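Following: one structure in structure tokens, then a few remarks.
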Amino acid sequence: MRHWLIKSEPDAYSIDDLQRDGREPWDGIRNYQARNFMRDEMSVGDRVLFYHSQVKPPAVVGVAEVAGDPYPDPTAFDPDSPYHDPKSDPDDPRWILVDMAYVGHLQRPVPLPEIKEDAKLEGIMVARRSRLSIQPVDKKHYDRIIKLGGGIVHR
DNA sequence: GCCAACGTTGGC
DNA sequence: GCCAACGTTGGC
């Protein structure tokens with residue numbers, strides 16, 4: 001099993017939204033590296049840190065899991081979607097996604113400044129100002145974040 | 001709101 | 001195929 005981190009702006013889609021929905025297609029990803037992770041490297045059941053960006057402070061707030069196999073992102077074909085991409089041909093889809101399912105909240109959020117200061121989290125991608133919205137996370141870093149967050153709780 | 005980082009586009 | 005211009009992300 002691999003571990004990941006996904007970023008979301010809570011104003012657009014928060015961990016509470018994922019809890020309410022239970023399962024959600026992770027659509028709108030328009031970065032090739034992030035797409036490749038979903039298409040080629042994620043497996044059902046992989047655990048995913050859910051990170052809130054664009055808030056003060058940014059923080060890991062919960063955990064999701066990969067809920068299904070990859071398939072074409074339908075929003076790419078929808079002219080009314082903000083994610084519409086006319087260059088994505090339905091016969092050769094450019095954008096691929098997986099569904100994410102809610103696992104739980106962290107007992108308390110782990111803010112970015114704390115991630116940066118923690119010696120055991122040295123090298124974690126999100127501390128390096130990476131703009132990638134889907135990032136692989138080492139198991140030891142994943143475990144450390146869960147520990148700093150006081151464990152996973154179901155609200 | 002600023003701006004650094006960085007991915008994408010398009011002219012040549 | 002290079003690279004300047006441009007657009008977006010996202011911390012601060």
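Per chain, numbering begins at 1; letters A, B, ... match sequence-line order. Computed from a predicted structure; not experimentally measured.
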Nearest-Å distance, CE (A/Met125) to P (C/dT9)?
16 Å

Please report the distance, rounded to the nearest Å, between CD in A/Gln135 and C1' in B/dC6.
14 Å

Could you state the CG-P distance from A/Asn31 to B/dT9, rounded to the nearest angstrom?
11 Å

Counting C-beta onward and ignoring hydrogens, is there a side-chain heavy-atom pair between A/His84 and A/Thr75 closer than 4.5 Å?
no

Side chain A/Arg129 and base B/dA5 donor-acceptor under 3.5 Å
no

Considering only heavy atoms from C-beta outward, does the side chain of A/Ile124 approach that of A/Tyr142 to under 4.5 Å?
no

For C/dC12 and A/Lys56 - does any side-chain N or O of the residue sit under 4.0 Å from the phosphate oxygens OP1/OP2?
no

Whole angstrom is fine here: how far is it from CD in A/Gln33 over to C1' in B/dA5?
14 Å

In whole angstrom, what separates A/Gln54's CD from C/dC12's C1'?
11 Å

Side-chain contact, heavy-atom cut-off 4.5 Å: A/Val126 with A/Tyr51?
yes

Among A/Phe77, A/Tyr83, A/Tyr32, ring pair (Phe, Tyr, Trp, His ring centres under 6.0 Å) partner for A/Trp95:
A/Tyr32

Atom CD1 of A/Ile29 to atom P of B/dG7: distance rounded to whole Å?
15 Å

Less than 4.0 angstrom between a side-chain N/O of A/Lys7 and OP1 or OP2 of C/dG11, yes or no?
no

Tell me whether the OP1 or OP2 atom of B/dC6 has a side-chain N or O from A/Tyr32 closer than 4.0 Å.
no

Grab the CD1-P distance between A/Ile134 and C/dT9 for me, whole Å please.
14 Å

State which of B/dT9, B/dC6, C/dG11 makes the closest approach to the side chain of A/Lys87.
B/dT9

Taking the minimum atom-to-atom distance to the side chain of A/Arg131, which one of C/dG11, B/dG7, B/dA5 wins?
B/dA5

Under a 4.5 Å cut-off applied to non-hydrogen side-chain atoms, are A/Tyr102 and A/Arg23 in contact?
no

Could you tell me the separation between the CG atom of A/Leu5 and the C1' atom of C/dG10, rounded to a whole number of Å?
13 Å

